[in-house]
Structures are given as C-alpha cells and as structure tokens.
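Because only heavy atoms are used, hydrogens play no part in the values below, and waters and symmetry mates are left out as well, while side chains stay in. In this text, all values refer to a predicted model and were calculated from it rather than measured experimentally.
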Amino acid sequence: HPRDRFSSAREMLDAIAAPAYTPTPATVPSPPPSNVPYQPTTVVSPTTSPTDTSAKGMGEWQKTTLIGLIIGAFLLLGVWMTRPQSATTTSHSSSEAEAITAGPESSQGDRIASENLQTPQPNPKEFIINHYANLNRRQYQKTWRKLSPNFKTMAVSFDNYVQWWDRVSEIRVGEVQIRDRTDTDAVLDVQLQYLMNDGDVADDPKSRIYLIWDSKSQSWLFENKYEP
C-alpha cells in the first residue's frame, strides 16, 4: 500500500541496518458513525455475460461440426478409393476365371463356330439337277469346275469335253434317287436321256453317278459314272 512505503531511500537503508525490524502497525479505520445505519457490503460474484456464453457455445458447435465434416470426408474418401479397386479386382478375377475355365472348351467352341460358318452341304440330288441344267445352257466352264481331277482325266481335256456336249441338243433328266450318302461321298441313280443334234435319242447306260465332297470348294464333284 502506498502509505506503508518508505518516504526516502535513506529511511529504507536505516531500516535494513537496524538489528531488528519492527513493522509499522497498520492503521485501522475507525468504525462508522453510530447515527448512520450499517449496511453490510454485498459481494457480487462476476457472472458470464450472455455474449460470452453465446460465443463459447458457438465455438463448441463449430468445433463439433468441423470434426464431423473431417470424419465424413475421410469416410467418403475411403469409399471412393475402395470401390474402384474392388471393381478392378472383380474384373481381373472374372477374366482369370474365364481364362481358366476356357481352355480346351474354348478351342473346341471356336472350331465348332468355324465349322458352322462353312457352307452346308447341298443336297446331292439338287446338285445333279443343277449340273445338267447348266450343261443345257452351254455353261461348260462352270460344269468343268464341278468335275473331280479323276473325271477330268477320263474326259482327256476341256476341249474334248466341250466337243462331246456340243453334239447334244438337249439333256433330259428323269428320276433321281440317292442310294447312299455320307459327309464325304454320295451315290445316285440318275435316268439320263440325250437328244442329239441329228435327232437321235440315246439313253445313258451309265446311270449310276459317284460324287465326292470337296471341302476346299465346298461343293460336290463328279468322281465317276458307271453302269449299275
């Protein structure tokens, strides 16, 4: 308190040098006059203003919201990183499973699909009818290609083949019957009658025709003709 201080530095030095220090008794205030009624002093404890409480409450709310947003962001990030990885893993697993399960079955399926793309075998009976119809139209090149190498050898040459058929005015095809047929050959009985240029009519005694299947050209070929 200012009233308890030394008035000068000298006074303070003297007090320090003294053998025993006797503090100056504090001045006791005199009691209030008797004619004034005594009123006890009421100590009012400081209270937090509404403004401070509101500010503190707002700070806690912001902190909670911020923490929630951070947690939600991490959760969304985790889901976003996990889903593509899972989908990729599933895709790889499916591809590996398909590769494992394919193997020979896949090769066999490809072979079957390739075979299905090939031209199906025409009916040997229709082939015979169309072949002689082309001969009647003088389409010799087309019919020559439908002869097997063995049959072409018997015809000697394409020129001899053309000369012989030029002698025929019309080829009459009668009943056609399939006697036997496999994937590689067929045997048919065909009634053939030739109307020659000079007006003669001749029945072909070699009415049994032997065909073979040519996988390269995907067509039947004349292999031989002989009497039954």
Side-chain angles (χ1 to χ4, degrees), residues 88 90-228:
T88 304
T90 304
S91 177
H92 288 319
S93 300
S94 300
S95 299
E96 293 175 357
E98 291 175 359
I100 293 173
T101 55
E105 295 181 0
S106 178
S107 300
Q108 183 178 4
D110 295 340
R111 179 177 60 80
I112 295 174
S114 178
E115 291 177 355
N116 291 334
L117 291 177
Q118 297 178 353
T119 304
Q121 284 186 348
N123 191 309
K125 182 177 179 179
E126 295 179 358
F127 169 79
I128 289 293
I129 295 174
N130 291 332
H131 181 79
Y132 284 105
N134 290 330
L135 282 174
N136 277 326
R137 301 186 189 101
R138 309 299 181 182
Q139 296 179 355
Y140 297 134
Q141 285 283 356
K142 188 173 184 179
T143 57
W144 177 260
R145 290 194 295 268
K146 299 302 181 181
L147 305 181
S148 71
N150 177 61
F151 201 91
K152 288 179 180 178
T153 301
M154 292 188 294
V156 181
S157 68
F158 177 71
D159 291 337
N160 288 340
Y161 174 78
V162 173
Q163 289 176 5
W164 194 93
W165 284 113
D166 277 344
R167 295 166 54 193
V168 179
S169 174
E170 181 185 355
I171 305 171
R172 298 171 181 174
V173 181
E175 185 178 1
V176 180
Q177 293 182 348
I178 300 176
R179 297 185 58 87
D180 190 18
R181 176 185 177 181
T182 66
D183 292 338
T184 58
D185 53 27
V187 180
L188 301 92
D189 285 340
V190 184
Q191 294 180 353
L192 295 172
Q193 190 178 70
Y194 306 135
L195 178 61
M196 310 304 291
N197 292 334
D198 56 6
D200 292 340
V201 177
D203 293 331
D204 191 344
K206 297 181 179 180
S207 59
R208 184 155 293 176
I209 300 176
Y210 179 49
L211 305 179
I212 61 173
W213 177 254
D214 182 33
S215 58
K216 183 177 180 180
S217 63
Q218 293 292 298
S219 173
W220 292 107
L221 300 179
F222 265 81
E223 174 65 13
N224 204 347
K225 284 179 64 179
Y226 51 91
E227 296 182 15

Could you pull out the closest heavy-atom pair between [X] and [Y], with the gap in Å?
X	Y	result
Ile212	Ser148	CD1-CB, 4.0 Å
Pro124	Ala186	CG-CB, 3.9 Å
Thr153	Pro149	OG1-O, 2.9 Å
Arg181	Pro122	NH2-O, 3.8 Å
Trp165	Ile171	CZ3-CD1, 3.2 Å

Subject >> Partners meeting ring pair (Phe, Tyr, Trp, His ring centres under 6.0 Å) with Tyr132 (sequence neighbours left out) >> reply: none
Subject >> By ring pair (Phe, Tyr, Trp, His ring centres under 6.0 Å) - contacts of Tyr140 (at least two apart) >> reply: none
Subject >> Ser207 side chain to Tyr226 side chain, donor-acceptor N/O pair below 3.5 angstrom >> reply: no
**OP:** Go through the steps to decide whether Leu211 and Asp185 satisfy the test side chain to side chain contact (heavy atoms under 4.5 Å, CB included), and finish with yes or no.
**Re:** CA-CA 5 Å; Leu211 305 179; Asp185 53 27; over 6 Å; no
Using the salt bridge (charged side-chain N to carboxylate O under 4.0 Å, His left out) rule, collect all pairs that involve [range], keeping only residues at least two apart or in two chains.
range	answer
residues 194-213	Asp189-Arg208, Asp204-Lys225
residues 148-157	none
residues 153-166	none
residues 120-131	none

Original post:
Can you name the side chain to side chain donor-acceptor pair (under 3.5 Å) partners of Gln163, sequence neighbours left out?
Top reply: none
Subject >> Residue list, side chain to side chain donor-acceptor pair (under 3.5 Å) with Thr184, at least two apart or on another chain >> reply: Thr182
Original post:
Please walk me through it: do Glu223 and Asn150 pass side chain to side chain contact (heavy atoms under 4.5 Å, CB included)?
Top reply: CA-CA 6 Å; Glu223 174 65 13; Asn150 177 61; 3.4 Å; yes
According to side chain to side chain contact (heavy atoms under 4.5 Å, CB included), who are the partners of [X], at least two apart in sequence or on a separate chain?
X	result
Arg172	Glu170, Gln193, Leu195
Gln139	Asn134, Arg137, Lys142
Trp164	Arg167, Val168, Tyr194
Ser219	Phe127, Lys146, Ser217

**OP:** Mark yes or no for whether Trp213, through its side chain, and Gln218, through its backbone, hold a donor-acceptor pair below 3.5 Å.
**Re:** no
[atom1]-[atom2] distance between [X] and [Y], expressed to the nearest 0.5 angstrom:
X	Y	atom1	atom2	answer
Trp220	Asn130	CH2	CG	14.5 Å
Trp144	Leu135	CH2	CG	12.0 Å
Tyr161	Met154	OH	CE	12.0 Å

Original post:
Could you go step by step and tell me if Val190 and Val173 meet the side chain to side chain contact (heavy atoms under 4.5 Å, CB included) rule?
Top reply: CA-CA 7 Å; Val190 184; Val173 181; 4.2 Å; yes
**OP:** Take Leu221 and Leu147, measure what side chain to side chain contact (heavy atoms under 4.5 Å, CB included) needs, and give me the verdict at the end.
**Re:** CA-CA 5 Å; Leu221 300 179; Leu147 305 181; over 6 Å; no
Subject >> Contact check, side chains of Phe222 and Ile209, non-hydrogen atoms, under 4.5 Å >> reply: yes
